[in-house]
Chemist: 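Structure incoming, see below.
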Amino acid sequence: MDALRSSEWYAGDDRNAYIHRAWMRRGVPSSAFEGRPQIAIANTGSDLVPCNSHLAEVAQSVKNGVYEAGGIPLELPITAPGETQVRPTAMLWRNLAAMSAEEMFRANPIDGVVLLGGCDKTIPALLMAAASVDLPAVVVPGGPMLTGHFRNEALGCGTDVWRLSEEVRAGTLSEADFLRSESSMIRSKGHCNTMGTASTMALVSEALGVIVPGVAGTPAPDARLLEAAHHTGRLAVELVAQDRRPSTFLTKANFHNAIVALAAIGGSTNAVVHLLAIAGRLGIELTIDDFDRIGAEVPLLVNLQPAGHYLMDDLYRAGGFLAVLREVRDLLDPTALTITGRPLVDHLDEARIWDPDVITPRDAPLQPSAGISVLRGTLAPGGAIIKPAAASPHLLKHRGRAVVFDSVEDLRERLDDPELEIDEDSVMVLRGCGPQGYPGMPEVSNMPLPRKLLERGIRDIVRICDGRMSGTAYGTVVLHVTPESAAGGPLSLVRTGDWITLDVRARRLDLEVPPEELSARVPNEATVAGYARPRRGWERLYVDHVLQADRGADLDFLVGGSGSQVARESH
Ligand code: FES
């Protein structure tokens with residue numbers, strides 16, 4: 001093994017080495033600094049990231065494994081957003097978490113890192129950081145919570161909040177009963193138990209190769225998660241010895257496998273922006289069209305909410321993620337290596353489906369083709385996406401008149417106005433929700449339906465937006481419209497009453513307004529006012545540098561990496 005990176009801080013008899021060692025001693029023997037890999041445990045848990053608040057316990061198991069294998073474990077708290085808690089939207093803070101993690105990985109005397117994440121933005125942020133620093137890195141996902149029940153009915157986090165709140169608005173559930181369900185929603189530690197973004201990113205990261213195969217999806221309270229954390233701690237020490245950095249094994253083949261997995265599990269559309277951002281950090285040419293090309297024809301095999309019925313602990317007992325991958329083994333790229341040094345496909349032999357109601361066999365899929373479709377056309381020249389598996393089949397080809405909302409606030413104000421002219425054939429358009437415009441690209445594309453439609457029993461109409469959609473949501477929603485309205489995309493020029501055509505099979509999204517008429521239009525005042533540029537702080541930096549959704553909404557100066565070298569020393 002070459003000299004450890006940390007030896008640049010700790011080896012030698014000069015004053016700097018003395019300072020680095022002395023301040024770390026605090027009861028630690030000098031042998032800790034003599035050729036032993038220093039492994040950071042990047043912990044995104046905090047009381048304000050409730051889905052990750054148990055990660056201190058997981059970190060302890062990682063530490064035990066690192067120490068047992070001869071390394072020195074060092075916990076490193078990473079500031080990260082709790083999806084349900086932060087304003088104005090968690091996505092605004094993903095890049096901040098990624099940037100702060102990257103800088104701390106690079107600045108500190110560490111040789112490798114174990115990444116502890118769970119809640120939606122945390123695993124993506126950690127992987128973006130690790131890719132840019134390119135130190136040996138492996139993820140331990142915090143795992144989903146156990147299923148809560150209300151009146152004998154399983155509750156899916158997120159999905160059932162949307163469903164129940166729509167029932168209240170439709171008048172089929174009392175507000176008191178809705179509030180009674182609140183204490184049953186989150187049954188245990190862990191992240192959301194639907195196939196939302198957190199579950200998706202854990203499983204997709206395992207398909208990518210950065211989690212030990214078989215670990216993702218282990219429920220947070222399950223003792224086997226701590227055992228896996230212990231083994232991963234041991235592995236982290238090996239990774240340093242073998243110099244297995246992200247750039248040594250992550251290729252486009254790994255992203256191919258992640259996209260196949262994303263489709264087979266019916267995963268969140270948010271995985272598109274996150275995978276694009278991670279690939280961008282690695283210098284791998286991945287485009288939104290790859291998601292359609294690789295994933296569109298992959299069958300849906302996992303019967304989990306929001307596309308299906310069950311929840312994450314059901315997936316685990318039914319055989320787990322590897323059983324899903326085994327069904328689509330022929331679609332996976334056999335050359336893609338994992339963090340173990342072996343190809344992903346080599347880890348699938350012993351996987352079995354134990355409950356075919358939860359994981360359906362390949363010859364009886366829930367849906368024959370379930371991947372994300374990429375749409376282009378006069379309304380989305382840079383592309384937009386839709387998840388047909390979560391949409392109403394009868395709306396996948398549709399022509400309707402636009403009902404336009406200029407912001408989330410405008411939507412809330414007018415949604416239930418009895419005068420709003422809208423019916424089941426209308427197309428709801430919401431703009432001002434892209435990376436720059438909101439700013440931060442919130443999960444609002446799955447707009448609630450007007451009360452007067454809900455009362456008529458209508459549960460889905462076509463919706464179009466430049467924002468994102470919660471992975472726990474469902475509906476015929478076209479999202480990530482690029483360019484966003486704030487960047488001058490055609491979305492900014494749509495007017496209520498314009499005809500819009502959606503044709504998913506033809507991959508088209510068109511605004512039926514003649515080009516000469518469109519070019520004569522200017523965005524209306526309310527739209528422009530909504531784009532007031534932030535004056536200071538992170539929001540200012542973000543708006544000035546954020547890329548569009550088709551580039552993963554990363555910051556332009558964070559694409560790529562800078563490695564782990566730091567030449568200067570201030571002491
Ligand atoms: Fe944290 Fe859903 S809110 S995973």
Side-chain angles (χ1 to χ4, degrees), residues 43-56 58 78-94 96-97 115-127 139-148 154-165 181-206 211 216-222 225 262 265-271 273-274 304-307 310-313 315-316 321 390 440-446 468-474:
N43 185 352
T44 51
S46 79
D47 288 342
L48 281 166
V49 187
C51 307
N52 293 10
S53 58
H54 64 295
L55 291 182
V58 178
I78 303 291
T79 302
E83 189 67 27
T84 51
Q85 305 309 105
V86 295
R87 291 179 169 181
T89 180
M91 185 64 173
L92 178 66
W93 310 115
R94 181 201 66 176
L96 180 68
L115 310 169
L116 306 188
C119 195
D120 293 17
K121 307 297 178 287
T122 54
I123 288 178
L126 291 169
L127 285 175
V139 175
V140 178
M145 65 184 76
L146 301 177
T147 303
L155 287 180
C157 299
T159 305
D160 275 327
V161 179
W162 317 133
R163 183 178 62 79
L164 296 174
S165 63
S181 72
E182 182 180 306
S183 61
S184 310
M185 184 60 71
I186 307 300
R187 181 177 167 206
S188 75
K189 55 189 169 186
H191 61 66
C192 290
N193 56 8
T194 46
M195 190 56 78
T197 305
S199 303
T200 299
M201 288 313 300
L203 301 181
V204 160
S205 298
E206 186 168 303
I211 293 175
T218 307
D222 196 305
L225 180 68
L262 176 64
I265 62 176
S268 163
T269 50
N270 286 323
V273 281
H274 296 322
L304 252 65
Q305 294 186 33
Y310 291 99
L311 294 162
M312 282 298 284
D313 50 357
L315 175 63
Y316 192 62
F321 180 52
M441 213 184 173
E443 293 181 336
V444 293
S445 301
N446 52 307
R468 294 176 304 119
M469 167 168 104
S470 165
T472 62
Y474 47 86

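Start at 1 and go down the list; that is how both ligands and their atoms are numbered.
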Chemist: Please note down the angle at atom 1 (Fe) of ligand 1 between SG of Cys51 and SG of Cys119, to the nearest 10°.
Modeler: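 Here the angle at the metal atom is close to 110°, to 10°.
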
Chemist: For Glu83, counting its heavy atoms only, list the atoms of ligand 1 lying under 4.0 Å from any of them.
Modeler: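 Under 4.0 Å from Glu83, ligand 1 has these atoms: 3 (S).
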
Chemist: Identify, by atom number and element, the atoms of ligand 1 in contact range of Thr84, meaning under 4.0 Å from any of its heavy atoms.
Modeler: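 The list of qualifying atoms is 3 (S).
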
Chemist: Do you know which two heavy atoms are closest between Gln85 and Leu48, and how far apart they sit?
Modeler: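 Result for this residue pair: CG-O, 3.8 Å.
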
Chemist: Nearest heavy-atom pair of Val86 and Pro81: which atoms, and what distance?
Modeler: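 Looks like CG2-CB, 3.8 Å.
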
Chemist: Give the atom numbers and elements of ligand 1 that come within less than 4.0 Å of a heavy atom of Ala198.
Modeler: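 Answer, ordered by atom number: 4 (S).
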
Chemist: What atoms of ligand 1 come within less than 4.0 Å of a heavy atom belonging to His191?
Modeler: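 Reading through ligand 1 atom by atom, the close ones are 4 (S).
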
Chemist: Side chains of Thr200 and His274: closer than 4.5 Å at any heavy-atom pair?
Modeler: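 In short, these two side chains do not touch, never coming nearer than 4.5 Å.
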
Chemist: How long is the span from the NE2 atom in His191 to the CD atom in Glu83, to the nearest 0.5 Å?
Modeler: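 His191 atom NE2 to Glu83 atom CD measures 12.5 Å (nearest 0.5 Å).
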
Chemist: Students should be able to answer this: which protein heavy-atom is nearest to atom 2 (Fe) of ligand 1, and at what distance?
Modeler: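 Here the closest protein heavy atom is Cys192 SG, 2.2 Å.
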
Chemist: With a cut-off of 4.0 Å, which atoms of ligand 1 are near a heavy atom of Asp120?
Modeler: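 This gives 2 (Fe), 4 (S) as the contact atoms.
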
Chemist: For Thr84 versus Pro50, what's the shortest heavy-atom pair and its separation?
Modeler: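 Looks like OG1-CG, 4.5 Å.
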
Chemist: Taking all non-hydrogen atoms of both residues into account, name the closest pair between Leu311 and Ala154 and its distance.
Modeler: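 That closest heavy-atom pairing would be CD1-CB, 4.2 Å.
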
